[in-house]
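One structure is given here, and the rest of the page talks about it.
In this chain, numbering begins with 1 at the start of the sequence shown. As the structure is a computational prediction, the values presented were derived from the model and not from experiment.
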Amino acid sequence: MAPDLSSHVHAATDAAPKPPSKPKQDEIDPAIDDVEAAGGAEGDGDGVNYAARAQWLRAAVLGANDGLVTVASLMIGVGAVNQARGAMLVAGLAGLVSGACSMAIGEFVSVYAQYDIEVAQIERERDGGDGDDGKKDNLPSPTMAAGASALAFAAGAALPLLAGGFVRTWAGRVAAVCVASSAGLAGFGVLGAYLGGASVVRSGARVLVGGWLAMATTYGVLRLFGMQSA
């Protein structure tokens, strides 16, 4: 082959585009890991916005827990000074009704105060030219908050009331209330932790111990009061 022809062939070969080389595995993995991490943080179940649940979760768990502890403590406390079945039943029913009303009113007033503050802020921003009337659609509803708190309290209070209110013997009533309340407290603690993304064991233990302390304190105080009044 002529020298000039050979040089032309080599030049054409060198000028031809080369196929893209296959990237190495260690060059791919970091990029894939970054994409998967970003996608997992937004799309899968681990990307739940737990902060958005905070308001309704707090109201629901707090209401149910308060209802259970209040009625259970009332029934056990009344049972410490009066062993009649009717007395414990009436005490539990009174605690359910009064507590649900109290929770509803308290939540209504609290949320309405927040509502007024946010409306005033929106009005100030609108007068300054920066307001957005659409913000009012996202304001909390005092009526819904009150209803949810009342229902949550009643649901929690119904557990010890139905478990021990109709048992004939005094010891059986107290035992039924304690067992049902313990199971309910642990369940509410675990449920709240699961929905909120917190530690299930710590939350369940904290709620359970707190409920035991409330019931034991109520029983002890009323037992002491009954002994002194006798």
Side-chain angles (χ1 to χ4, degrees), residues 41-74 91-161 181 184-215 217-218:
E42 296 178 359
D44 59 12
D46 295 336
V48 177
N49 186 1
Y50 293 108
R53 292 177 172 178
Q55 186 172 2
W56 67 263
L57 178 62
R58 178 197 62 82
V61 173
L62 179 63
N65 185 71
D66 280 355
L68 192 153
V69 173
T70 299
V71 170
S73 299
L74 276 173
L93 185 60
L96 187 154
V97 175
S98 62
C101 293
S102 176
M103 285 289 294
I105 294 172
E107 194 71 16
F108 182 84
V109 172
S110 175
V111 175
Y112 221 117
Q114 178 185 354
Y115 178 88
D116 289 339
I117 293 172
E118 295 187 14
V119 168
Q121 179 63 28
I122 292 174
E123 294 294 337
R124 285 192 295 270
E125 292 177 355
R126 186 177 63 182
D127 293 341
D130 298 331
D132 183 6
D133 292 337
K135 291 181 179 180
K136 290 186 177 181
D137 296 334
N138 298 324
L139 293 178
S141 171
T143 304
M144 292 182 62
S149 295
L151 289 175
F153 186 96
L159 184 61
L161 180 62
S181 299
L185 288 169
F188 288 142
V190 169
L191 178 61
Y194 174 77
L195 294 177
S199 172
V200 172
V201 176
R202 287 198 301 268
S203 179
R206 181 168 57 247
V207 174
L208 184 60
V209 172
W212 283 347
L213 288 175
M215 290 186 288
T217 301
T218 306

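- Scored by the side chain to side chain donor-acceptor pair (under 3.5 Å) test, Glu123 finds Arg126, Lys136 as partners (sequence neighbours excluded).
- Looking at residues two or more places apart in sequence or on another chain, you find a side chain to side chain contact (heavy atoms under 4.5 Å, CB included) between Ala157 and Val71, Leu96, Phe153.
- Closest approach of Val111 and Ala145 over heavy atoms only: CG2-CB, 3.6 Å.
- Under the side chain to side chain contact (heavy atoms under 4.5 Å, CB included) criterion, Thr143 pairs with Phe108, Ser141, sequence neighbours left out.
- In this structure the side chain of Leu74 never reaches within 4.5 angstrom of the side chain of Thr218, judged on heavy atoms.
- The shortest non-hydrogen separation linking Asp66 to Thr70 is O-OG1, 2.7 Å.
- Taking each heavy atom of Asn65 and Val207 in turn, the nearest pair found is OD1-CG1, 3.1 Å.
- With sequence neighbours excluded, the residues satisfying ring pair (Phe, Tyr, Trp, His ring centres under 6.0 Å) with Tyr115 are Tyr112.
- Judged by distance alone, with hydrogens and angles left aside, the side-chain atoms of Ser102 form no donor-acceptor pair with the main-chain N or O of Ser98 at under 3.5 Å.
- Among residues two or more places apart in sequence or in another chain, the side chain to side chain contact (heavy atoms under 4.5 Å, CB included) test is passed with Leu159 by Leu68, Ala180.
- Put simply, the side chain of Ser149 never gets that close to the backbone of Ala104: no donor and acceptor are under 3.5 Å apart.
- Every side chain to side chain contact (heavy atoms under 4.5 Å, CB included) that Val209 has, sequence neighbours left out, goes to Leu213.
- The shortest heavy-atom contact between Ala72 and Ser181 is CB-OG, 3.2 Å.
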